[in-house]
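For reference, positions follow the sequence shown, starting with 1. As a basis for the values below, the full set of heavy atoms in this structure was taken, side chains included, without hydrogen atoms, waters or symmetry mates. Owing to the predicted nature of the structure, the values given are computational and were not obtained by experimental measurement.
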Amino acid sequence: MDRKLRESVLKSIDDLTANWEKMKPNIFDDTIAGILEPLLSATGYTLRERNTRAGDDGFDVFGIKDPDGGAKGSSIGVQSKKHLTLASIATIRELIGAASIARCDRVMLICPSGFAKSAVETAVRFDPVAIELMDLGRLRAWAASLPEEEQDAARVYYLKIVAGFCRQLAVRVARDPKTL
C-alpha cells in the first residue's frame, strides 16, 4: 500500500474513532466503505458491489479476489454496524445467514462498540466461512500492518498481465494436461 494512501486511511480511522457515536448510520457505513476500499484493494480484492439501499440487510462492501483467469476466486462480504452496545449473537447469526446466501469464503463485521463474548464464541465455532470481528482499533491495526509498496504504474500493469496469463495457462493445463 502506498505510504500516502496508508496515512490517509489511518487518519480516516482516527477521525471515525473520535466521531462515530455522533454519526448517522448511513454516514457511518459510507465512511467504513471508503476506508475498506483501499484496504481490500491492497490485499488483492476488487470491489464488486456496494450496498447503498435503505435498510441493513446484506453486505455494505463485497469484494472478489482473482476474478479473472477462469478459476473461482475467493470472496469477502463486509457489514458495518453502528451499535452503541456490544454486538450480540443475533448480529453474528445475521452475518452468517448473509454469508450463506452470498456464498462468501470470508466475512467481516466491523462494530466500534465491540462484541459480546457469546458473539465471539459463535464466530469462532462457525467453520465453513472465515469470520473476522473488528472494532475500530483492530481495523486501524490491520491498516497499519499492510506492507508498504512503492510501485510505478507500468510495473503494476505488466504484473497484472503476467498474472492473468499464468491463471489462464493453469486453467488450461488443469483441463487438459497434454497442453503443457
Colleague: Do Y45 and S75 have side-chain heavy atoms sitting under 4.5 Å apart?
Modeller: no
Colleague: How close do S113 and L86 get, heavy atom to heavy atom, and via which atoms?
Modeller: O-CD2, 3.1 Å
Colleague: Check whether any side-chain heavy atom of I131 lies under 4.5 Å from a side-chain heavy atom of I96, and answer yes or no.
Modeller: yes
Colleague: Measure the CG-CG distance between L109 and L95 for me, rounded to the nearest 0.5 Å.
Modeller: 5.5 Å
Colleague: Please report the interatomic distance CE(M134) to CZ(F115), rounded to the nearest 0.5 Å.
Modeller: 9.5 Å
Colleague: For a quick test of reading the model, state the closest non-hydrogen atom pair linking S80 to D60 and the distance between them.
Modeller: N-OD2, 2.7 Å
Colleague: Is L16 linked to L146 within one hydrophobic cluster, defined over Ile, Leu, Val, Met, Phe, Trp and Tyr using a side-chain heavy-atom separation of less than 4.5 Å?
Modeller: yes
Colleague: Identify the heavy atoms of A87 and A119 that sit nearest to each other, and give their distance.
Modeller: O-CB, 3.5 Å
Colleague: Are W20 and V9 grouped together when hydrophobic residues (ILVMFWY) are joined by side-chain heavy atoms under 4.5 angstrom apart?
Modeller: yes
Colleague: Could you give the distance from CD1 (I27) to NZ (K22), rounded to the nearest 0.5 Å?
Modeller: 14.5 Å
Colleague: Please lay out, stage by stage, how L133 and I92 fare under the test side-chain contact (heavy atoms from CB on, under 4.5 Å).
Modeller: CA-CA 9 Å; L133 305 178; I92 302 302; 3.6 Å; yes
Colleague: Write down the atom of P147, the atom of R6, and the distance for their closest heavy-atom approach.
Modeller: C-NH2, 3.6 Å
Colleague: Hey, quick one: are L39 and L47 part of the same hydrophobic cluster, counting side-chain heavy atoms closer than 4.5 Å, chains of contacts allowed?
Modeller: yes
Colleague: Could I get the full list of side chain to side chain contact (heavy atoms under 4.5 Å, CB included) partners for A102, not counting sequence neighbours?
Modeller: F59, F62, C104
Colleague: Can you hop from L10 to I110 via hydrophobic side chains spaced under 4.5 Å?
Modeller: no
Colleague: Working note: L36 + I32, criterion side-chain contact (heavy atoms from CB on, under 4.5 Å); need CA distance, chi angles, decisive distance, verdict.
Modeller: CA-CA 6 Å; L36 286 172; I32 291 287; 3.6 Å; yes
Colleague: To the nearest 0.5 Å, what is the distance between CD (E37) and OG1 (T46)?
Modeller: 11.5 Å
Colleague: Under 3.5 Å, is there a donor-acceptor pair between the side chain of T122 and the main chain of S118?
Modeller: yes
Colleague: After noting the C-alpha distance and the side-chain angles of E94 and Q79, does the key distance pass the side-chain contact (heavy atoms from CB on, under 4.5 Å) rule?
Modeller: CA-CA 10 Å; E94 178 185 311; Q79 287 184 353; 4.1 Å; yes
Colleague: E7: what forms a salt bridge (charged side-chain N to carboxylate O under 4.0 Å, His left out) with it, not counting sequence neighbours?
Modeller: none
Colleague: State, to 0.1 Å, how close K65 and T43 come at their nearest heavy-atom pair, and which atoms those are.
Modeller: CE-O, 3.0 Å
Colleague: Can you pull out every side chain to side chain donor-acceptor pair (under 3.5 Å) where at least one residue sits in residues 135-147? Sequence neighbours excluded, please.
Modeller: D14-R140
Colleague: How would you list, by chain and number, every residue that makes a side-chain hydrogen bond (donor to acceptor under 3.5 Å, both in side chains) with E21, sequence neighbours excluded?
Modeller: none
Colleague: Does E132 form a side-chain contact (heavy atoms from CB on, under 4.5 Å) with V107? I'd like the steps, not just the answer.
Modeller: CA-CA 6 Å; E132 297 174 49; V107 292; over 6 Å; no
Colleague: Give the cluster check for I89 versus V124: same hydrophobic cluster or not, with ILVMFWY residues linked at side-chain heavy-atom distances below 4.5 Å.
Modeller: no
Colleague: Partners of S41 by side chain to side chain contact (heavy atoms under 4.5 Å, CB included), sequence neighbours excluded?
Modeller: none
Colleague: Please determine if D15 and K11 form a salt bridge, counting it only when a charged side-chain N lies under 4.0 Å from a carboxylate O.
Modeller: yes
Colleague: Does K24 have any side-chain hydrogen bond (donor to acceptor under 3.5 Å, both in side chains) partners at least two apart in sequence or in another chain, and if so, which?
Modeller: none
